Amino acid sequence: MTIICLSFLIAGIFLALSNNLRDTARDLADNMTISFFLEKDATPQTTADLLKEVGRPAFIESVRFVRPEEAMAKFQATFPELRDILANLKANPFPPSIEARVRSKISTAEELVRFVQAMKARPGVTDVQFNQDWVEKMQSFSRLAKAVGAFLGGILILASFFIISNVIKLNVMARRNEIEILRLVGATNLFIRIPFWLEGIVLGLLGSLMSLGLLFVVIKVFPLYVGPSLGALQQLLNFRYPDLAQALGLLAAGAATGFTGSATSVSKFLKN
Amino acid sequence: MIELFHVWKQYQKPFWALSDVNLQIRAGDFYFVTGPSGSGKTTLLKIIFRELLPTEGQIVIDGVNALKIPDSRIWKLRRQMGLVFQDFRLMFQRSVFENVAVPLQVIGTNRKEIRRRVFATLQKVNLHHKMWEFPGRLSYGEQQRVAIARAIVNNPEIILADEPTGNLDPELAFEIVSLFKEINKQGTTVIIGSHDRELIRHFGDNILFLQKGKIVGKEGR
């Protein structure tokens with residue numbers, strides 16, 4: 001049962017990791033903003049024109065003008081440890097900017113890129129910053145984590161299938177005498193099989209249930225011990241506990257593995 | 001009716017465990033199969049309940065060719081029979097009660113009825129007071145009586161018993177065969193493999209003598 005439990009634990013860890021990456025990617029996509037940095041001495045007319053232009057495309061949800069003071073306040077709030085450096089500066093280094101929020105479901109990434117390129121060339125705009133690359137990388141990283149999880153989990157679940165099958169085979173061998181007697185007194189094959197099937201299902205269920213428990217411990221304990229040393233990676237390597245459907249899926253996979261493992265070994269024995 | 005036509009059985013060349021056995025046992029008969037060790041008594045009984053397949057020949061039980069029954073349907077044949085083995089074949093991890101209850105459980109008898117019938121049967125073999133013991137804690141004679149109780153608990157049409165009194169003292173052996181005789185009176189066919197001459201002389205209606213796998217004599221009706 002330990003092996004069954006460990007197999008499902010590894011599958012569960014990858015599931016939890018890919019859950020986190022998927023959610024992070026979604027959060028990033030949801031919060032995707034484009035910052036258009038303007039010249040410091042941009043006139044109110046230029047700013048107003050640019051605001052209108054940036055807000056025009058359908059994929060832009062909202063636009064907002066960010067004044068230099070506001071930008072500095074935001075920076076100070078985000079990086080409090082750098083507050084002293086800013087205090088020593090004589091002037092505000094932040095330029096005014098326009099922040100545009102992009103709708104979360106954009107189907108036309110190319111159109112967005114074209115728009116950004118066009119805006120970059122506009123007089124009054126010094127630079128443009130947006131995080132689409134990052135979102136796409138996160139999404140593909142999440143897909144990769146899921147694929148690696150499925151592959152390793154799959155191999156391990158296959159291994160646990162053979163392990164369960166062998167455990168049941170040993171049980172069948174140990175109870176060979178009993179099975180023989182049952183056959184002699186007129187038991188049907190189904191009557192003989194059912195207890196072994198149940199045994200396999202219970203083994204698989206208990207193994208996957210234990211793995212869910214261990215996964216819970218891993219998820220709770222991991223940030224306490226390893227978390228701080230990961231620095232910026234902490235956010236990415238954070239585990240998110242499988243949701244109810246995934247947990248039930250793991251349990252069902254455990255039961256199915258147990259059932260199939262026992263069914264094959266009992267069938268082989270009864271045929272002999 | 002149990003019919004054997006030209007039954008041959010060979011385990012290892014060139015020896016024949018059974019040679020051209022032809023036999024008809026009518027429903028309700030009481031039969032002793034006797035002969036020296038290695039004469040083929042156990043093989044003959046095993047072939048009747050199809051634990052072994054003959055090398056040649058046919059076996060017909062109640063009009064059904066027993067050799068044509070597929071393995072997956074063999075339970076139908078076995079449910080008509082109560083079997084007592086030379087080596088008892090008890091489940092040592094289960095209590096006496098559970099051992100005797102098995103033939104009833106496999107046919108889906110309800111728990112209350114199982115309790116009633118198992119207790120009544122254990123009373124017949126005088127083992128009701130050891131119902132919750134495990135077979136490993138019983139004497140050979142008691143284990144044999146558990147095996148007999150298991151064979152008769154579901155009132156089978158045929159009882160096949162291989163040396164059922166082999167480990168019993170003469171008094172108990174007589175009691176056990178009397179029990180088989182009583183069951184036989186209710187219409188059950190009983191075939192006992194034994195080399196206990198005293199018992200055979202006392203109870204034998206029909207006697208089949210085997211030697212080196214051949215029927216060398218028959219007595220009875």
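Not measured: the values here are computed from a predicted model. Proteins come first, then strands; the chains are lettered A, B, ... in the order of their sequence lines, and each starts at number 1.
- Around atom NE2 of B:H195, no more than 12 heavy atoms belonging to other residues, nucleotides or ligands sit under 6.0 Å away.
- No more than 12 heavy atoms of other residues, nucleotides or ligands lie within 6.0 Å of NZ in B:K76, so this atom counts as exposed by the packing criterion.
- Across B:L77, B:L90, B:N99, B:I107, the residue that shares the most heavy-atom pairs under 4.5 angstrom with chain A is B:L90.
- Taking CD of A:E178 as the reference point, atom CZ of B:F92 lies at 12.0 Å (rounded to 0.5 Å).
- Of the two parts of B:R150, only the side chain, counted from C-beta on, holds a non-hydrogen atom closer than 4.5 Å to a non-hydrogen atom of chain A.
- Minimum interatomic distance between B:V106 and A:L182 (heavy atoms only, all atoms of both residues): CG1-CD2, 4.2 Å.
- More than 12 non-hydrogen atoms from other residues, nucleotides or ligands lie less than 6.0 angstrom from CZ of B:F119.
- Only the side chain of B:Q93 comes within contact range of chain A, with at least one heavy atom under 4.5 Å from a heavy atom of that chain.
- Going from atom CD1 of B:I74 over to atom CG of A:L184 covers 10.0 Å, rounded to the nearest 0.5 Å.
- Shortest non-hydrogen contact noted between A:N189 and B:S72 is ND2-CA, 4.4 Å.
- B:M1 CE: more than 12 foreign heavy atoms inside a 6.0 Å radius.
- Comparing A:I192, A:L190, A:I181 by heavy-atom pairs within less than 4.5 Å of chain B, the highest count is held by A:I181.
- For B:R94, the part lying near chain A is the side chain, with the backbone staying farther off; criterion is any non-hydrogen pair under 4.5 Å.
- Counting non-hydrogen atoms of other residues, nucleotides and ligands closer than 6.0 Å to CD of B:Q12 gives a total of 12 or fewer.
- Heavy-atom contacts from other residues, nucleotides or ligands closer than 6.0 Å to CZ of A:F216 number 12 or fewer.
- The CG atom of B:D71 sits 6.5 Å away from atom CZ of A:R183, with the distance rounded to the nearest 0.5 Å.
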